[in-house]
Asks: 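Handing you this structure, nothing more for now.
All heavy atoms count here, side chains included; hydrogens, waters and symmetry mates do not. Every chain is numbered from 1, with letters handed out A, B, ... down the list of sequences.
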Protein chains: 2
Amino acid sequence: MGADGATMDERVPRDFETLRATILDRRASLPKRIAQIAAYALDNPDDIAFGTAASIAASAGVQPSTLIRFAQQLGFDGFTSLQQVFRERLRERNSSYDERLAALRAKAEEGAGHRAIFDGFVAAASTSLSDISRALNDAHFEEAIALLAKAETIYVLAKRRSYPVASYIAYALGKLKIRNQLVESAAGLNAEMIGFATPRDAVIAISFSPYAPATIEETRAIAEQGVPIVAITDSSFSPLAQFAKIWFEVSEADFGGFRSISATMALAMALTVAVGEKRRETGRRRKG
Amino acid sequence: MGADGATMDERVPRDFETLRATILDRRASLPKRIAQIAAYALDNPDDIAFGTAASIAASAGVQPSTLIRFAQQLGFDGFTSLQQVFRERLRERNSSYDERLAALRAKAEEGAGHRAIFDGFVAAASTSLSDISRALNDAHFEEAIALLAKAETIYVLAKRRSYPVASYIAYALGKLKIRNQLVESAAGLNAEMIGFATPRDAVIAISFSPYAPATIEETRAIAEQGVPIVAITDSSFSPLAQFAKIWFEVSEADFGGFRSISATMALAMALTVAVGEKRRETGRRRKG
DNA sequence: GCCAATATGAAATATTAATTCCAATCTATA
DNA sequence: TATAGATTGGAATTAATATTTCATATTGGC
């Protein structure tokens, strides 16, 4: 007794991912019609989940018996048990995006342990992304890219909660070989740093309520020097908005008093990469 | 002829929402057992989609015939056609989120202007969040929280692309009044900084391929001093994994060569806030 | 409290779908 | 090219599942 015996179903794939891997693995060695139904199964998993052996076989252009042979070759004892795997998959990802989010948030708000905290942050991030995806103004986005693309140096200005975004922008700009200056508060030399900026440069300033006084002050100073500013902030009443040539309103969902920054991050990354893209285009045009 | 006649199925709900509304509407006037199966259907739509008349009836505590009567009362000609609505719902729901993402990504990959870049980053971030939500191991998460909660000082270690995450963790830990030390490379004093760490402290180390050599080296050094390490990285082959007591594998989707960091951010935020929570609990217990 | 109308339970029946079987066809090898 | 072995198609068989039926119970109006 033990490992061998009547059952023999020790290595039958129980979840969709394993099944998928198994199929892809054996793909090359499968006979023609079996391969055909295998391909169909991976391409139309929903049909397998809902159809009958006959209907699926017809759609895939094979006989029902082939479908059963396929299942058996994978170690299942028939089509029905293969189908279970496809149904289970649908169950697991069953709910719609919004329902899933609502469930996450509900679970999080019930406060069921530490997992709930994680779920809460995932939900907040997802919500924020979905919001910004809807709200982003294409025209503003294009203007901001154009403005930043022709800057000699891009100054990046953010403190506290927004600082991670700024440091990411600086990192990405560096990788794209775009001259930039992260205005950090460490050495207290910000005023001098800002002093070097000219109207041929540009600024990305990021601040959310409660707005860090230093960010506001520095933005004001640099705006007075005539340096154009792109602001990422959270409302039209934001003090940044008045100094900015272009500003984006990003509303981030919060959880447990900590606001998400994923929407801001996505916007920042897109802005950065788009500026890189634009510069390459312009460079080519100049050359050609 | 026209509206009346033999068929009479003009107002049969064809989609789930209409069906749901119809059921809720008639709820009060339904006989006991029918009401019972109606409630069950709205609470467990997945079971209706996949079960057999017999299995569903058993779960809901009624006879199969009652289930059929329920369907007929709603205007369907049997259980099978009622079931179609529940199956259709799963099909649509499922596709909506994934299709939306796929559409975003497709648009992004076609490269239709700058908006496409933005869509690409939003899609990458959403995918990453959804992946980590599925993949996160609760047990590891709890262990990590426990480990970090009892640390005297939490050292945060990350360079380059991961640095924004580290700076966010440091900011959040600070707000939660948890002693922490961000190991930055600026002044070149990292070795000395690390030298102060003891086994009563703990480390959060973050690094993704290509792993910044400095992060690896510093993690190794601090591990050799017996300081327990929680790592966030991208594979079990990561050099960080070997030094870590607990490590999380986070797979981030990428767009245009820039990987998302939203999943890592969500995990980092959750970890931080959960540690704060845990400390407060423990503090209370000690007092009370 | 009685009667008619309605609702319910349980088993019989009809329908549909999965599986098996066998003959026909293809494929690789000597 | 002959032949064994594998693969496939299609119909027959078996299993499962939905539906119907009918006896029994319950409810609401008088």
Side-chain angles (χ1 to χ4, degrees), chain A residues 6-9 12 19 23 26-41 44-88 90, chain B residues 6-9 12-13 19 22-23 26-41 44-88 90:
Chain A
T7 53
M8 276 284 284
D9 55 356
V12 180
L19 177 59
I23 293 173
R26 300 200 199 160
R27 187 168 41 174
S29 69
L30 292 174
K32 199 173 73 170
R33 295 258 111 120
I34 307 275
Q36 188 175 330
I37 190 69
Y40 183 86
N44 309 72
D46 288 11
D47 287 357
I48 306 284
F50 290 121
T52 69
S55 71
I56 295 163
S59 304
V62 301
Q63 290 290 326
S65 44
T66 305
L67 179 46
I68 285 157
R69 285 178 195 125
F70 169 58
Q72 288 171 341
Q73 210 158 94
L74 289 168
F76 299 96
D77 50 45
F79 164 69
T80 309
S81 23
L82 169 71
Q83 192 178 38
Q84 290 313 317
V85 176
F86 284 80
R87 291 188 165 181
E88 207 42 56
L90 279 189
Chain B
T7 52
M8 277 285 285
D9 55 358
V12 179
L19 177 60
T22 309
I23 293 173
R26 300 200 198 160
R27 187 167 41 174
S29 69
L30 291 174
K32 198 173 74 170
R33 292 263 115 119
I34 306 275
Q36 188 174 329
I37 190 69
Y40 183 86
N44 309 70
D46 290 9
D47 287 357
I48 306 284
F50 289 125
T52 68
S55 71
I56 296 163
S59 305
V62 301
Q63 290 290 325
S65 44
T66 306
L67 181 47
I68 285 157
R69 285 176 195 128
F70 169 57
Q72 287 170 342
Q73 208 156 98
L74 289 168
F76 299 95
D77 49 44
F79 164 68
T80 310
S81 25
L82 169 71
Q83 193 177 38
Q84 291 313 317
V85 176
F86 284 80
R87 291 188 164 181
E88 207 43 55
L90 275 191

Asks: Have a look at Leu67(B) and say if it touches a base, only the backbone sugar-phosphate, or nothing, with a 4.0 Å heavy-atom cut-off.
Replies: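 No contact.
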Asks: Between dG9(D) atom P and Ile37(A) atom CD1, what is the distance in whole Å?
Replies: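 It works out to 11 Å between those atoms.
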Asks: Provide, to the nearest angstrom, the distance between the CD1 atom belonging to Ile56(A) and the P atom belonging to dA18(C).
Replies: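 Interatomic distance, CD1 of Ile56(A) to P of dA18(C): 7 Å.
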Asks: Can you sort out the partners of Gln73(B) under side chain to side chain contact (heavy atoms under 4.5 Å, CB included), two or more places apart, ordered by chain and number?
Replies: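 Counting only residues at least two positions away or on another chain, Gln73(B) forms a side chain to side chain contact (heavy atoms under 4.5 Å, CB included) with Leu30(B), Pro31(B), Ile34(B).
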Asks: Sort and list the pairs that fulfil salt bridge (charged side-chain N to carboxylate O under 4.0 Å, His left out) and have at least one residue in residues 70-86 of chain B, not counting sequence neighbours.
Replies: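 Pairs touching residues 70-86 of chain B that pass the test: none.
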Asks: Is there a side-chain contact between Gln63(A) and the phosphate of dG10(D), meaning an N or O under 4.0 Å from OP1 or OP2?
Replies: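 So the side-chain polar atoms of Gln63(A) do come within 4.0 Å of the phosphate oxygens OP1 or OP2 of dG10(D), strictly under.
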Asks: Determine which pairs satisfy side chain to side chain donor-acceptor pair (under 3.5 Å) with at least one residue from residues 48-69 of chain B, sequence neighbours left out, and list them in order.
Replies: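 Listed once each, the pairs are Thr52(B)-Ser55(B).
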Asks: Do the side chain of Gln72(B) and the main chain of Phe79(B) share a donor and acceptor less than 3.5 angstrom apart?
Replies: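 Judged by distance alone, no pair lies under 3.5 Å.
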Asks: Rounded to the nearest angstrom, tell me the gap between atom CZ in Phe70(B) and atom C1' in dA7(C).
Replies: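 It is 16 Å, rounded to the nearest whole Å.
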Asks: Is a donor on one side and an acceptor on the other found under 3.5 Å between the side chain of Arg87(B) and the backbone of Phe50(A)?
Replies: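 Pair found, side chain donor or acceptor close to backbone of Phe50(A).
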Asks: Can you tell me which residue pairs pass the side chain to side chain donor-acceptor pair (under 3.5 Å) test with a partner in residues 27-36 of chain B, sequence neighbours excluded?
Replies: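 Sorted result for residues 27-36 of chain B: Arg33(B)-Gln36(B).
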Asks: Please state how far atom CZ in Phe76(A) lies from atom P in dA18(C), giving the value in whole angstrom units.
Replies: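 To the nearest whole Å, that distance equals 16 Å.
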Asks: Please round to 10 degrees the angle between the axis of the first five pairs and the axis of the last five pairs in the helix from dG1(C)-dC30(D) to dA30(C)-dT1(D).
Replies: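 Taking the rotation axis at each end, their angle is 30°.
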Asks: By side chain to side chain contact (heavy atoms under 4.5 Å, CB included), which residues pair with Asn44(A), not counting sequence neighbours?
Replies: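 Once residues adjacent in sequence are excluded, the partners of Asn44(A) under the side chain to side chain contact (heavy atoms under 4.5 Å, CB included) criterion are Tyr40(A), Asp47(A).
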Asks: What's the CD1-C1' distance between Ile34(B) and dG9(C), to the nearest Å?
Replies: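 One finds 13 Å between C1' of dG9(C) and CD1 of Ile34(B), rounded.
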Asks: Which letter, B, S or -, goes with each nucleotide of nucleotides 17-30 of chain D from 5' to 3', with contact meaning a protein heavy atom under 4.0 Å?
Replies: SSBBB---------
Asks: Applying side chain to side chain contact (heavy atoms under 4.5 Å, CB included), can you list everything that pairs with Pro64(A), at least two apart in sequence or on another chain?
Replies: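 Partners of Pro64(A) under the side chain to side chain contact (heavy atoms under 4.5 Å, CB included) test: Ala57(A).
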Asks: Considering residues at least two apart in sequence or located in another chain, which fulfil the side chain to side chain contact (heavy atoms under 4.5 Å, CB included) criterion with Leu19(B)?
Replies: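 Checked Leu19(B) against side chain to side chain contact (heavy atoms under 4.5 Å, CB included); matches are Pro13(B), Ile23(B), Leu74(B), Phe76(B), Leu82(B), Val85(B), Phe86(B).
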Asks: In whole angstroms, how far is the P atom of dT8(C) from the CD atom of Gln73(B)?
Replies: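 About 9 Å, once rounded to whole Å.
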